[in-house]
J.: 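One structure, as structure tokens, below. Some questions next.
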Amino acid sequence: MAQFQFVMRSGPTPGVTFPLEGDQLTIGRDSTNGVAINDAEVSRKHARLMFQGGKYVLEDLGSTNGTFVNGQRLSGPVVLKSGDVVSLGEQIVLMYDAIAADAGATVAVSRKAVQAAIPAAQPSAPQYAAPAYSQPASTPYGAAPQQVQGGTKKSNTTPIIIGAGVLLFLCICAGFFFWVDATYRWCVLFPFISGC
């Protein structure tokens with residue numbers, strides 16, 4: 001006994017599997033279809049699948065954007081083979097799979113498929129805690145915030161602005177007193193100083 005399915009390769013829900021069951025089912029945008037794909041390129045009743053002689057036969061139902069098998073637009077019924085690429089319009093791409101299933105059979109799965117499906121099952125080396133945040137060697141002034149482990153590194157410029165303001169104030173004060181001393185204006189500007 002074989003099981004049949006469509007796997008969406010591109011469209012509104014890539015990776016979604018549509019199991020194919022029954023002697024006849026329709027593909028379309030309407031939710032009453034056996035394979036319902038809610039997309040503007042898909043007609044309400046786009047195509048029909050009929051199970052004949054242990055295989056599914058695909059037929060376009062006069063859809064607006066057409067039904068294609070391996071790039072060829074359907075003009076009549078076509079028997080699907082495992083690995084066929086079915087396109088509805090230009091954007092919806094489905095992969096047709098026929099999977100042999102025997103209830104008593106042992107299923108062999110490649111190591112690569114298991115590792116891809118369950119990455120956490122791989123043996124792990126001892127885990128060392130990485131620092132949550134590491135300061136870059138140099139960040140240009142006014143640079144945009146950077147992404148750091150799922151959050152945004154906030155660029156706090158307030159201390160820089162305050163420091164620049166204090167430095168500017170000290171420079172102005174030093175310049176003023178240098179001018180007063182150089183022009184002998186101590187007694188004019190500060191008459192309360194003793195000795196004037």
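Residue numbers run from 1 in the order of the sequence given. These numbers come from the heavy atoms of this one structure, side chains and all, not from hydrogens, waters or symmetry mates.
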J.: Between atom CG of Asn65 and atom CD of Gln91, what is the distance when rounded to the nearest 0.5 Å?
T.: 10.0 Å

J.: Check the hydrophobic clustering (I, L, V, M, F, W, Y; side-chain heavy atoms under 4.5 Å; chains of links allowed) and say if Val16 and Met95 are grouped together.
T.: no

J.: Applying ring pair (Phe, Tyr, Trp, His ring centres under 6.0 Å), which residue pairs with at least one partner in residues 52-73 are found, sequence neighbours left out?
T.: Phe4-Tyr56, Phe51-Tyr56

J.: Name the residue from Ile37, Leu80, Asp97, Val93 that meets the side-chain contact (heavy atoms from CB on, under 4.5 Å) definition with Phe6.
T.: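 Testing each of Ile37, Leu80, Asp97, Val93 against Phe6, the sole residue satisfying side-chain contact (heavy atoms from CB on, under 4.5 Å) is Leu80.
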
J.: Is the number of heavy atoms from other residues, nucleotides or ligands under 6.0 Å of Gln24 CD greater than 12?
T.: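 Yes.
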
J.: If hydrophobic clusters are built from ILVMFWY residues whose side chains come within less than 4.5 Å, do Ile27 and Val57 share one?
T.: no

J.: For the residue pair Thr17 and Gln5, what are the closest heavy atoms and their distance?
T.: CG2-OE1, 3.1 Å

J.: Roughly how far, to the nearest 0.5 Å, is the CD1 atom of Ile162 from the OG1 atom of Thr158?
T.: 6.0 Å

J.: Enter the distance from Met8:CE to Thr13:OG1 here, rounded to the nearest 0.5 Å.
T.: 4.0 Å

J.: Just do the side-chain contact (heavy atoms from CB on, under 4.5 Å) check on Tyr96 and Leu58 with the steps written out, would you?
T.: CA-CA 11 Å; Tyr96 176 75; Leu58 180 64; over 6 Å; no

J.: Same cluster for Leu25 and Leu74 if Ile/Leu/Val/Met/Phe/Trp/Tyr side chains link at under 4.5 Å?
T.: yes

J.: Compare every heavy atom of Pro14 with every heavy atom of Arg9, then report the nearest pair and how far apart it is.
T.: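 So the two residues come closest at O-CB, 4.0 Å.
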
J.: Only one of Asn38, Ile92, Val42 passes side-chain contact (heavy atoms from CB on, under 4.5 Å) with Pro12; say which it is.
T.: Ile92

J.: Please assess Lys45 against Asn33 for the test side-chain contact (heavy atoms from CB on, under 4.5 Å), listing each intermediate value before the final yes or no.
T.: CA-CA 7 Å; Lys45 297 282 185 192; Asn33 290 294; 3.3 Å; yes

J.: Please identify which of these residues, Asp30, Thr26, Thr67, meets the side-chain hydrogen bond (donor to acceptor under 3.5 Å, both in side chains) condition with His46.
T.: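 It is Thr67, the one option of Asp30, Thr26, Thr67 that forms the side-chain hydrogen bond (donor to acceptor under 3.5 Å, both in side chains) with His46.
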
J.: Under the 3.5 angstrom rule, does the side chain of Asp181 hit a backbone N or O of Phe178 as a donor-acceptor pair?
T.: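 Side chain of Asp181 to backbone of Phe178, a donor-acceptor pair under 3.5 Å: no, none is there.
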
J.: How long is the span from the CD atom in Glu41 to the CZ atom in Arg29, to the nearest 0.5 Å?
T.: 11.0 Å

J.: If you round to the nearest 0.5 Å, how far is CE of Met50 from CD of Glu59?
T.: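 Reported to 0.5 Å precision, the distance equals 4.5 Å.
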
J.: How far does OG of Ser63 sit from CZ of Arg44, to the nearest 0.5 angstrom?
T.: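 Here the interatomic distance stands at 13.0 Å.
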
J.: Are there more than 12 heavy atoms of other residues, nucleotides or ligands under 6.0 Å from atom CG of Asn70?
T.: yes

